[in-house]
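Just so you know, these numbers come straight off a predicted model, no measurement behind them.
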Amino acid sequence: MKKFTRSVAALVSAAAMTLTGAAPCLGQTIMTANAVDTNNDDWLHAEGSRLYDMNGNEVWLTGANWFGFNCGENVPHYLWSADADDCLTEIADRGINIIRFPISTELIVSWMKGKPNEVGSFSCNTDPSFTINVDFCAEDGKSPKDSMQIFDIMMKKCKEHGIKAFIDIHSPDANNSGHNYNLWYGKAGVTTDVWIDSLVWLADKYKNDDTLIGYDLKNEPHGKGPEGKAAAKWDGSTDENNWAYAATKCAEAILDVNPHALILVEGVEQSMSGAQEGDYWGMPDRKTNSPYIGAWWGGNFRGARDNPIKPKQGTSQIVYSPHDYGPSVYAQTWFDKNFTEQTLLDDYWYDTWAYINAEDIAPELIGEWGGHMDGKENQKWMTLLRDYMIKHHINHTFWCLNTNSGDTGGLWDSLGFQQGTGTTIKWNEPKYELFEEALWQTQKSGKYIGLDHQVALGKNGISLNDFYANYAASEGSNLDGGKTSSGKTINAEQPIETITTSAAPTTTTTSSVATTTTTSEETASNRLYGDANCDGQVDLSDAVLIMQSLANPDKYGLQGSDSHHLTKEGSDNGDVEGNGNGLSTLDAQAIQMYLLGKYKSLPVK
């Protein structure tokens, strides 16, 4: 829908603790961009309409698109006049925690065959008089490495900056206008099998690198019903152009090699309306009582009600990914009135895609939204969608960073490089200001929240562990109107409170023979300190449960709904640091130190 202008694992892995000899990042110093998290523990999964990390803590993916790997240049655009590190530094500093990288199947196939497509319009130089994109230079110091090496280096740099990534198959062929093609097969020698095989190859290559956390299987499969086999449909058939069938097969193949990857599935353009009995896909349209219901390309999920994506591995990795745009891209009928959030829901959003989130069916990520700042209808639409996504925990990636999207413009207005000062990026500040409200951030201090457990997101950001250890209970985030993990609501002007858990009261036990009051000293003498989950042993899962109970008390706390929630006995057992003052992150850290042999006994004396 765009025009392009030119060219339960442990809270912290045991391996990490063994290497560092200390309990990392439960409230300690934030890691820098150079201290790369190699734990491979940042994979995400779905429960209902939310995404969670390995510890059961909810996450919010709030990012932007950076296209170019899908185009004839086979690299991110604007690295012809900008340094990648400078760009990623600003992206992280501005709070973008994930990047959607459009790419072509043709390019991945070239990598898979060991003959990477050539790179065009890319600046790199190691000469001290003019150094740019040094890591991307071939041995001669002035020509770029091949396209696969450039992708690998980009993923490495994203990791260093605390940014996650996912790819989107934007088109079968490497083509600046390839997004206009309806299907995932049929050009550049790409068949359905080739499309699947190439994605499986890349998923296998990156299965031990949680920087690339997901795969958007095909950008905007589309086409109108009367086009028949040439258009993507969504039904219960095994026809090759049935997107639901193809996406399910592809998801299963990827999950076979990486069961932790997120699989993002977009919608189609048209669905059957059910207007008359006997209507069928491919029939001519009617001027009235049409057999088809339209939508944005990639936006129509009406068929998912009866034919949801259900791979054999289950639905824990499935994310539905609609695209939605405003009237500056196309004057859709639902904009023909003084539209509001409610009219958009009634006329288009709810039955087309919003029901999936609203009915807790699956998570959603709006893979593309954005547009020009016109001060009028398009800006009004962007604001309404932004606010709806915040209120309903809908993940999203803005279209786009690039300046050269003809339909929408970008978050960047211009980029330039000068020796000595590096890259200068001029941001479209009004557009960024609108977008920035939908970036995941702490409610009071405004710190951007990353998706990496260890690496902080930019100069004003924090890691995921840091958020749940030190901010979730005291100030929360901009989700849920500022509700904290302790259930309190904090607004931006409200002072931050310190949240603590009171000490456990004396226990009284009763038997049918006699009633005896047991003193705290007697109870403590029989207590297995550190055994928070009451399984009779002390291990890293006890530290995990403590952190889960602090971060998500409604699910894992004393009144939690989870089958493995903290009990009163477990809370007492886990109170090992500052014994008697209630559970805190220090207790989880102390258990880890004990397991490492740094503490000789629990409770800590």
Side-chain angles (χ1 to χ4, degrees), residues 1-7 64-84 87 99-125 132-133 136-138 142-155 165-191 194-195 198-199 201-202 212 215-222 297-298 323 367-368 397 399-410 412 414-417:
M1 197 62 67
K2 295 79 48 190
K3 302 183 188 74
F4 300 154
T5 58
R6 186 229 179 246
S7 338
N65 285 263
W66 188 356
F67 65 77
F69 278 117
N70 56 305
C71 298
E73 293 81 12
N74 297 309
V75 288
H77 281 188
Y78 288 95
L79 295 183
W80 53 65
S81 59
D83 183 88
C87 293
I99 299 175
R100 179 179 183 255
F101 284 102
I103 199 168
S104 70
T105 298
E106 179 186 345
L107 183 59
I108 302 176
V109 169
S110 78
W111 301 348
M112 183 173 65
K113 292 182 175 180
K115 298 179 180 179
N117 283 359
E118 292 184 5
V119 169
S121 300
F122 187 96
S123 295
C124 67
N125 198 0
I132 181 172
N133 289 320
F136 297 91
C137 285
K142 58 184 179 181
S143 58
K145 294 181 177 179
D146 67 50
S147 54
M148 185 175 74
Q149 290 173 309
I150 287 175
F151 181 85
D152 291 342
I153 294 168
M154 284 297 294
M155 293 301 102
F166 67 98
I167 62 157
D168 120 71
I169 299 298
H170 220 65
S171 53
D173 59 331
N175 186 329
N176 293 49
S177 299
H179 58 281
N180 290 317
Y181 184 69
N182 290 359
L183 302 169
W184 51 99
Y185 60 91
K187 296 188 76 175
V190 176
T191 64
V194 167
W195 164 67
S198 64
L199 278 167
W201 175 86
L202 188 62
L212 189 60
Y215 300 86
D216 187 341
L217 302 184
K218 170 64 177 79
N219 180 72
E220 299 178 348
H222 62 277
W297 293 358
H323 289 187
E368 294 183 17
T397 49
W399 188 271
C400 55
L401 289 165
N402 309 57
T403 73
N404 57 332
S405 177
D407 287 344
T408 65
W412 294 334
S414 64
L415 299 90
F417 185 85

**OP:** Given side chain to side chain contact (heavy atoms under 4.5 Å, CB included), test Asn133 with Asn125 step by step and report yes or no.
**Re:** CA-CA 7 Å; Asn133 289 320; Asn125 198 0; over 6 Å; no
Original post:
Looking only at atom types and distance, does a side-chain atom of Thr403 sit under 3.5 Å from a main-chain N or O of Gly410, one as donor and one as acceptor?
Top reply: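 The answer is no, because no donor-acceptor pair under 3.5 Å joins these two groups.
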**OP:** Taking Ser104 for its side chain and Asn70 for its backbone only, find out whether a donor-acceptor pair lies under 3.5 Å.
**Re:**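 Here the side-chain-to-backbone pair does not exist.
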In Å, rounded to the nearest 0.5 Å, how long is the span from [atom1] of [X] to [atom2] of [Y]?
{"X": "Leu212", "Y": "Asp152", "atom1": "CG", "atom2": "CG", "result": "10.0 Å"}
{"X": "Ser171", "Y": "Asn182", "atom1": "OG", "atom2": "CG", "result": "12.5 Å"}
{"X": "Ile150", "Y": "Leu79", "atom1": "CD1", "atom2": "CG", "result": "8.0 Å"}
{"X": "Tyr181", "Y": "Lys218", "atom1": "OH", "atom2": "NZ", "result": "9.0 Å"}
{"X": "Phe122", "Y": "Ile132", "atom1": "CZ", "atom2": "CD1", "result": "8.0 Å"}
{"X": "Ile169", "Y": "Thr105", "atom1": "CD1", "atom2": "OG1", "result": "4.0 Å"}

**OP:** Go through the steps to decide whether Trp66 and Asn402 satisfy the test side chain to side chain contact (heavy atoms under 4.5 Å, CB included), and finish with yes or no.
**Re:** CA-CA 6 Å; Trp66 188 356; Asn402 309 57; 3.6 Å; yes
Give the minimum heavy-atom separation between [X] and [Y], together with the two atoms involved.
{"X": "Trp195", "Y": "Leu217", "result": "NE1-O, 3.0 Å"}
{"X": "Phe69", "Y": "Pro102", "result": "CB-O, 3.2 Å"}
{"X": "Val75", "Y": "Val119", "result": "CG1-CG1, 3.4 Å"}
{"X": "Met148", "Y": "Trp201", "result": "SD-CH2, 3.8 Å"}
{"X": "Met112", "Y": "Ser198", "result": "SD-CA, 3.9 Å"}
{"X": "Cys400", "Y": "Gly409", "result": "SG-O, 3.9 Å"}

Subject >> Step-by-step side chain to side chain contact (heavy atoms under 4.5 Å, CB included) determination, His323 to Asn219 >> reply: CA-CA 9 Å; His323 289 187; Asn219 180 72; 3.1 Å; yes
Using side-chain heavy atoms (C-beta onward) and a distance below 4.5 Å, is [X] in contact with [Y]?
{"X": "Trp111", "Y": "Asp146", "value": "no"}
{"X": "Cys87", "Y": "Tyr78", "value": "no"}
{"X": "His170", "Y": "Arg100", "value": "yes"}
{"X": "Phe151", "Y": "Ile167", "value": "yes"}
{"X": "Trp297", "Y": "Asn180", "value": "yes"}
{"X": "Met154", "Y": "Ile99", "value": "no"}
{"X": "Phe417", "Y": "Ser123", "value": "no"}
{"X": "Leu202", "Y": "Tyr215", "value": "yes"}

**OP:** Step by step, work out the side chain to side chain contact (heavy atoms under 4.5 Å, CB included) result for Glu368 and Thr408.
**Re:** CA-CA 11 Å; Glu368 294 183 17; Thr408 65; over 6 Å; no
